[in-house]
Amino acid sequence: MVPRTRYTRRRSAFTLVELLVVIAIIGVLIALLLPAVQQAREAARRAQCVNNLKNIGLAIHNYHDTHVSLPSLGLKGDSGWNADTISWVGRILPFVEQSALYDTLDFTKRVNDNNHIDYRTTEMDVFSCPSDNMVLGQSDNTRWTHQRASYAVCVGNTNYAQHDAANWDGVWTYKNGGSAFAVDKFHGLNTIIDGTSNTVMLSEVPVNQQATGYHGLYGVTIYTTGAGFTGYLTPNTRGTINGGRYCWQKEDFLGREVLCKPGADTTRWDQATYAAMSQHPGGVNVANFDCSVQFVPETVHIDVWRARTSTQGGEVISE
């Protein structure tokens, strides 16, 4: 009888060295792909931000067609520059498909003091850039709880009150050059004599990341005193002359250090200088008065930026 031959099947498997090599290769591929994925995501977020700016710009134009003027920056109210009155945002609500919310507004009342709770707390995608992180401000205080937003109108190359204030900060001597948005005033597109395609109407502003306590109205565009930015400072600046009753802390803005000039009089709303700012690398998106949208690098020359943010300066704009 012939004995059976026994065969031993050997199981194949990765050695420890081979497994480590595979893991290392996968790690390298992920490291190579991650920046590309992040760039693609940021490109998508920036595209949405551009779309928001276009929609807000068109809403402002539709408001102009209906009322034969641009919306006011807001009203001073009884309390002067400490006014917490409804800004241009409330006025254009019917033109961004928010007619029901618009019907809840009473323009004779302040935004706060337990008034306009729906207006203060309703988050609207059209006013939020997806590159930023939306945070409900003063969420611990019902009387003052408010939404922050990503877009503000341009109040010119000046301080917030648009004073003809030569040398007001010890350095600046340039005149305002005009703005189409002002407190207690309703201007028309005919005031933009520098050209609608050359003049900035809207820009991005940062969202304060602190939910509790008072952290200023920079980016709180539903209020008159937070609804605009000035062209005095270049986009994504690291400092400001005056923060409007509040000097920001390092942790207030996502990845941005924005501090007040030492010795600034922060008791004055009217001398605030809110700058354009975004979470996009390298600059900000802006909408011009013709509703065209473009990306302005933070390296833009200060004189060019100041010319772009005034409506009647008569400057010749060149890069």
Side-chain angles (χ1 to χ4, degrees), residues 52 73-91 93 96 98 100-152 160 183 204-229 239-240 242-260 264-275 277-279:
N52 289 345
L73 184 63
L75 305 176
K76 291 182 180 179
D78 295 334
S79 54
W81 273 99
N82 289 330
D84 299 307
T85 53
I86 298 170
S87 74
W88 60 271
V89 171
R91 297 180 185 276
L93 288 179
V96 291
Q98 292 290 338
L101 185 58
Y102 177 81
D103 290 339
T104 69
L105 301 182
D106 182 347
F107 287 91
T108 67
K109 293 182 178 179
R110 293 156 62 101
V111 178
N112 48 19
D113 286 343
N114 293 320
N115 299 317
H116 303 110
I117 293 177
D118 289 340
Y119 176 63
R120 285 191 283 111
T121 58
T122 300
E123 183 175 352
M124 292 171 278
D125 289 342
V126 70
F127 295 111
S128 302
C129 177
S131 292
D132 216 328
N133 181 39
M134 295 297 115
V135 175
L136 190 66
Q138 292 185 263
S139 58
D140 56 338
N141 187 337
T142 303
R143 177 182 172 185
W144 294 87
T145 299
H146 57 265
Q147 286 288 349
R148 292 154 176 162
S150 303
Y151 311 107
Y160 205 81
V183 177
E204 298 173 274
V205 290
V207 174
N208 198 305
Q209 298 300 294
Q210 307 306 310
T212 59
Y214 175 72
H215 289 268
L217 289 182
Y218 195 3
V220 186
T221 60
I222 60 174
Y223 285 85
T224 296
T225 43
F229 77 95
T240 182
N242 185 291
R245 289 189 61 192
Y246 184 81
C247 277
W248 307 294
Q249 311 303 309
K250 291 182 179 180
E251 64 273 14
D252 281 348
F253 301 111
L254 191 66
R256 297 288 182 191
E257 182 177 322
V258 186
L259 301 175
C260 293
D265 181 5
T266 55
T267 64
R268 298 283 300 275
W269 281 116
D270 56 339
Q271 291 189 5
T273 52
Y274 301 137
M277 192 178 299
S278 80
Q279 293 301 330

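Numbers here simply count residues along the sequence, with the first being 1.
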With Asn52, which residues qualify under side-chain hydrogen bond (donor to acceptor under 3.5 Å, both in side chains), at least two apart?
Gln48, Tyr151
Report the residues that fulfil side-chain hydrogen bond (donor to acceptor under 3.5 Å, both in side chains) with Asn112, sequence neighbours left out, ordered by chain and then residue number.
Asp84, Arg110
Assess the residue pair His146 and Ile222 against the criterion (side-chain contact (heavy atoms from CB on, under 4.5 Å)); give the C-alpha distance rounded to whole Å, side-chain angles, the decisive distance to 0.1 Å, and a yes or no.
CA-CA 8 Å; His146 57 265; Ile222 60 174; 4.1 Å; yes
By side-chain hydrogen bond (donor to acceptor under 3.5 Å, both in side chains) - contacts of Asp118 (at least two apart)
none
Using side-chain hydrogen bond (donor to acceptor under 3.5 Å, both in side chains) as the criterion, list what pairs up with Asn133, not counting sequence neighbours.
Gln209
Can you sort out the partners of Ala100 under side-chain contact (heavy atoms from CB on, under 4.5 Å), two or more places apart, ordered by chain and number?
none
Taking side chain as C-beta onward, heavy atoms only, is Met124 less than 4.5 Å from Gln98?
yes
Testing the 3.5 Å rule here: is there a donor-acceptor pair between the side chains of Thr145 and Ser139?
no
Asp125: side-chain contact (heavy atoms from CB on, under 4.5 Å) partners, not counting sequence neighbours
none
Could you pull out all residues at least two apart from Gln147 that satisfy side-chain contact (heavy atoms from CB on, under 4.5 Å)?
Glu123, Leu136
By ring pair (Phe, Tyr, Trp, His ring centres under 6.0 Å), which residues pair with Tyr274, not counting sequence neighbours?
Tyr160, Tyr218
Which residues satisfy the side-chain contact (heavy atoms from CB on, under 4.5 Å) test with Asp106, sequence neighbours excluded?
Thr108, Lys109, His116
Donor-acceptor contact below 3.5 Å, side chain Gln279 vs main chain Leu254
yes
